Amino acid sequence: MDINNKARIHWACRRGMRELDISIMPFFEYEYDELTDHDKRVFVRLLECPDPDLFNWLMNHGRPEDEELFSMIKLIQERNKNRGPVEI
């Protein structure tokens with residue numbers, strides 16, 4: 001997926017699982033534009049992972065073996081925590 005195709009990335013962020021939507025959508029909306037191109041590519045790779053894996057990683061029930069994906073998970077959690085609760 002092209003890191004500049006924001007419409008397609010936005011669509012990929014919509015997971016259909018409330019817990020994932022609460023984590024991923026706000027991060028995309030508020031943080032994506034400020035990421036480096038490298039981090040954007042890592043974020044897009046993360047979106048290609050299955051929902052059960054994403055859920056477990058974001059809820060701290062395990063972690064991806066890929067260190068870049070793990071760093072992105074931690075970044076999402078940190079930025080979302082700093083931003084505070086969101087309504088979807």
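Just so it is clear, the values below take in all heavy atoms, side chains as well, and ignore hydrogens, waters and symmetry mates. Quick caveat: nothing in here was measured; it's all calculated off a predicted structure.
Taking all atoms of both residues into account, the shortest heavy-atom contact from S23 to N80 is O-ND2, 2.8 Å. In terms of heavy-atom proximity, L58 sits nearest to L20 at CD1-CD2, 3.7 Å. For the pair L46 and I76, the tightest heavy-atom approach, listed with the atom from each and the gap, is CD2-CD1, 3.6 Å.
Applying the side-chain hydrogen bond (donor to acceptor under 3.5 Å, both in side chains) rule to Q77 yields the partners N60, K74; only residues at least two apart in sequence or on another chain are considered. Annotation: side-chain hydrogen bond (donor to acceptor under 3.5 Å, both in side chains) contacts of D37 (sequence neighbours excluded): none. Under the rule for a side-chain hydrogen bond (donor to acceptor under 3.5 Å, both in side chains), the partners of D51 that lie at least two apart in sequence or sit in another chain are R15. Annotation: ring pair (Phe, Tyr, Trp, His ring centres under 6.0 Å) contacts of F27 (sequence neighbours excluded): F43. Remark: E67 pairs with R63 by the salt bridge (Lys or Arg N to Asp or Glu O under 4.0 Å) rule, at least two apart or across chains. With sequence neighbours left out, D33 forms a side-chain contact (heavy atoms from CB on, under 4.5 Å) with K6. Listed by chain and residue number, R45 satisfy the side-chain hydrogen bond (donor to acceptor under 3.5 Å, both in side chains) test with D66 (two or more places apart in sequence, or in another chain).
Grouping the Ile, Leu, Val, Met, Phe, Trp and Tyr side chains by contacts below 4.5 angstrom, directly or via other members, places M1 with V42. A single hydrophobic cluster is not seen to contain both M25 and V44; linkage of ILVMFWY side chains at heavy-atom distances under 4.5 Å, directly or through other members, places them apart.
Here the side chains of E68 and H38 are in contact, with some heavy-atom distance below 4.5 Å. Contact annotation: the side chain of L69 approaches that of C49 to within less than 4.5 Å [non-hydrogen atoms, C-beta and beyond]. Residues I24 and L54 have side chains in contact (heavy-atom distance under 4.5 Å, counting atoms from C-beta outward). Side-chain contact between I3 and Y32 is present, with at least one heavy-atom pair separated by less than 4.5 Å.
Pairs of residues two or more places apart, or lying in two chains, never qualify as ring pair (Phe, Tyr, Trp, His ring centres under 6.0 Å) while including a residue from residues 46-70. For residues 22-32, the pairs satisfying salt bridge (Lys or Arg N to Asp or Glu O under 4.0 Å) are E31-R79, E31-R83, with sequence neighbours left out.
A distance of 9.5 Å separates CE of M59 from CD1 of I73, quoted to the nearest 0.5 Å. Summarising the geometry, atom CG belonging to L35 is positioned 5.5 Å from atom CE belonging to M72; distances are rounded to the nearest 0.5 Å.
Around atom CD of E34, no more than 12 heavy atoms belonging to other residues, nucleotides or ligands sit under 6.0 Å away.
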